[in-house]
Engineer: 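A single structure is presented below for examination.
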Amino acid sequence: MSRTRGVAAASFLCLISGIAAGAERPAFSVVDHPSQDGRCSDDRGRGDLDRSETACLAQIPNVAQRNGSALKLTFRNGHTRVYRNQDAKCASGDARGCVKFQLTGYFPDHGLILLECGRLDGVDWLLVRGDTGDEIGIVAPPHYSPEKRWLVSVASRQSRSGPADGIDVIPAKRDRNLKDWHHRTPEDGKWRYEFERWDNEDQIVLSAKPVGDTAAPHLVAIHRRKNAWLFK
């Protein structure tokens, strides 16, 4: 499958960092348990970085169109937006300005669009609401809660370079009463987190491992109480 130069670089860095840390992550993955939620029809990949834009373009041709370096999205409110690859900056090695966009997921139940943002030093994602075009930055392709009311994204890249690691919890349906929750791991953070499972609509189970420690991970939880997400 053809990949852009920026995404290929990101894939290489992610794979090398995983090998260096002794991780056994699936191929083309930045997390231990890649989400399969939102993967487009006929997409045969299994990792985070092998999601198929071709499959997504075929699934939602009225929403997304690719024209060379430009990816155009049309929202239900009638507005459009073009995400344009910064090819010249990527070719020049401009790590700050280089970005290449791939349409890599669609959540039809909620009209959510997943974009991969490939950079020279790593990769992150945008979750875009198909009705308004509102963007939410997330650290990895997200996992639905059991009743599909929430999405959670967790990433720990085991490297200090590239986009930040962290945790994002997003309401699947836009609702003024439901709040996003975002946590970004500080550079001197002592723990790495990986998604394990949803226990129910109000509790997310993560594995936590001390940075630089060979001890086995232990489980921690993020719990929702009074519309606030908190580490338990």
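We number each residue from 1, following the sequence as shown.
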Engineer: Can you check whether Leu49 reaches Val30 side chain to side chain, under 4.5 Å on heavy atoms?
Structural biologist: yes

Engineer: Thinking salt bridges, do Asp202 and Arg225 make one under a 4.0 Å N-O criterion?
Structural biologist: no

Engineer: Say whether Glu201 and Ser145, considering side chains only, have a donor N or O and an acceptor N or O under 3.5 Å apart.
Structural biologist: yes

Engineer: With respect to Phe195, which candidate in Val31, Asp32, Ile204 satisfies the side chain to side chain contact (heavy atoms under 4.5 Å, CB included) definition?
Structural biologist: Ile204

Engineer: Shared ILVMFWY cluster between Val123 and Val139, side chains joined below 4.5 angstrom?
Structural biologist: no

Engineer: Check whether any side-chain heavy atom of Pro210 sits under 4.5 Å from a side-chain heavy atom of Trp191, and report yes or no.
Structural biologist: yes

Engineer: Taking distance alone, no hydrogens or angles, what donor-acceptor pairs closer than 3.5 Å link side-chain atoms of residues 105-113 to residues at least two apart or in another chain?
Structural biologist:
from: Asp109; atom 1: OD2; to: Lys148; atom 2: NZ; distance (Å): 3.1
from: His110; atom 1: ND1; to: Tyr144; atom 2: OH; distance (Å): 2.8

Engineer: Do Leu71 and Arg66 make a side-chain contact, defined as non-hydrogen atoms from C-beta onward lying under 4.5 Å apart?
Structural biologist: yes

Engineer: Quick one: does Leu114's side chain get under 4.5 Å of Ile138's, heavy atoms only?
Structural biologist: yes

Engineer: Taking atom CZ as the centre, does Arg46 end up with more than 12 heavy-atom neighbours from other residues, nucleotides or ligands that are less than 6.0 angstrom away?
Structural biologist: no

Engineer: Can Arg44 and Asp42 be said to form a salt bridge (charged side-chain N to carboxylate O under 4.0 Å, His left out), step by step?
Structural biologist: CA-CA 6 Å; Arg44 305 306 180 198; Asp42 299 323; 3.6 Å; yes

Engineer: Under 4.5 Å between side-chain heavy atoms, counting indirect links through other Ile/Leu/Val/Met/Phe/Trp/Tyr residues: same cluster for Phe231 and Val154 or not?
Structural biologist: yes

Engineer: Using a cut-off of 6.0 Å, state whether more than 12 heavy atoms not belonging to Arg81 lie near its atom CZ.
Structural biologist: yes

